[in-house]
Amino acid sequence: MDQASTLRRLVNKDPNAGQARPKQKKKRRVRVISITSGKGGVGKTNVTINLAYALSLLGRRVFILDADLGLANIDVLLNISPPFNIEHVLSGEKSINEIIVEGPANIKILPASSGLSELAELDRDEQVKLFRKLGEIDQTMDYLFVDTGAGIASNVLRFNATADEIMLIATPEPTSMTDAYSVIKILATKYHVRKFNLITNAVESQKEALAVYDRLNKVVYDFLQIKLNYTGFVYKDPMLTKAVRMQKPLLEVYPKSPAGKCFSVLARKLDQNAGMLPILDLDEPQTGFWDRLMHWKRKR
Ligand SMILES: Nc1ncnc2c1ncn2[C@@H]1O[C@H](COP(=O)(O)OP(=O)(O)OP(=O)(O)O)[C@@H](O)[C@H]1O
Ligand SMILES: [Mg+2]
């Protein structure tokens, strides 16, 4: 079957797919979770900010790496303007701690800008120096959320292939699902990633959320033999749009809104190590995220 018929099949309802079972995950020092999507504008930055906010309220130390190297998002949605970014660390002008900006509820923002895309050009000594510094802040965090750009640009794939867990965001829009399939396909076929966690955003009901999961899961299973993990859903909620206009996390201004409650439920689930599949086998000895990012090689 060609790609076009795959995509046609994806947007036609198919209620037959089963649900993935949540799996318990061992406790780790820092969990690096990339938040990604095929299509842009499906809610990645809002999911990132609100999960970070909720986990922070639970007493976790949360960092966000704004890794949308084209269009920085986090600063706009939180109304902060980081004066420095990783480029200043690379140039030696600032230390890592000097570029970190504090957001609401003590969330720490690590502004990346285009600095991280220049990693490939750093010589080995410079890379080692930078990643040693980044490794030091690992000890000060429980979660690192990586808010990536949408799509299959090489830096997006790089963050996804090196994170501990991938959280894919899709909405009920057909193009969001077909583009999500494209991301999964390229990560699976070129980068051997086989664990994906799905959050369906902007849904009218839980039934609609499960239908989105079922349709995507069915096609992913048929063509790639991968079973998607259903992590949860977020309601379509006009209060979220209001919060965006106020440049505040929804959970700060409307915690009891329908989408706000979904974020709180998801954060608790995440923190109990439920509902998420790690990419890597956690029984194997691991290098840290920054090492993996540094030594990342494009696989063909
Ligand atoms: N659950 C929701 N309910 C209502 N509107 C939503 C919801 N989620 C997202 N939106 C709308 O979609 C817009 C885009 O959201 P967001 O910026 O989080 O997406 P994104 O995936 O990060 O976008 P980009 O790809 O441009 O980085 C929001 O400003 C909001 O208006
Ligand atoms: Mg965004």
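In what follows, every heavy atom counts, from backbone to side chain, and hydrogens, waters and symmetry copies are set aside. As the structure lists them, so they are numbered: ligands from 1, and atoms in each ligand from 1. These numbers come from a predicted model, not from an experiment.
Under a 4.0 angstrom heavy-atom cut-off, S37 registers as lying outside contact with ligand 1.
With salt bridges taken as basic N to acidic carboxylate O contacts below 4.0 Å, none links D142 and R31.
Proximity of T45 to ligand 1, defined as any heavy-atom pair under 4.0 Å, is shared by backbone and side chain alike.
Each of the atoms 25 (O) of ligand 1 lies under 4.0 Å from some heavy atom of G40. Shown in contact with Y235 at under 4.0 Å from a heavy atom are these atoms of ligand 1, numbered in order with element: 1 (N), 2 (C), 3 (N). Every atom of ligand 1 is numbered from 1 in the order shown, and the set under 4.0 Å from a heavy atom of K44 is 18 (O), 19 (O), 20 (P), 21 (O), 22 (O), 23 (O), 24 (P), 25 (O), 27 (O).
The backbone N or O of Q247 lies less than 3.5 Å from no partner atom in the side chain of N79, so there is not a single donor-acceptor pair.
Residue pairs satisfying the salt bridge (charged side-chain N to carboxylate O under 4.0 Å, His left out) criterion with at least one member in residues 32-51, sequence neighbours excluded, are listed as follows: K39-E173.
Taking only nitrogen or oxygen atoms, main chain and side chain alike, G43 reaches within less than 3.5 Å of ligand 1. Any N or O atom pair closer than 3.5 Å counts here, and V42 shares at least one such pair with ligand 1. The shortest N/O to N/O separation between V244 and ligand 1 does not fall below 3.5 Å. Checking only distances, D147 never comes within under 3.5 Å of ligand 1, N or O to N or O.
F145 is not listed as a side-chain neighbour of L65, based on a closest heavy-atom distance of 4.5 Å or more. No side-chain heavy atom of L110 sits less than 4.5 Å from a side-chain heavy atom of D66.
Taking all heavy atoms of N201, L250, T171, N46 into account, the minimum distance to atom 8 (N) of ligand 1 is reached by N201.
In this model, a donor atom of one side chain and an acceptor atom of the other lie less than 3.5 Å apart for N160 and T36. A donor and an acceptor atom, one from each side chain of D214 and Y230, are nowhere located under 3.5 Å apart.
At least one N, O or S atom of T45, from either the backbone or the side chain, sits less than 2.8 Å from the Mg ion (ligand 2).
In this structure, the side-chain contact (heavy atoms from CB on, under 4.5 Å) partners of V234, at least two apart in sequence or on a different chain, are I199, N201, A259, C262, F263, L266.
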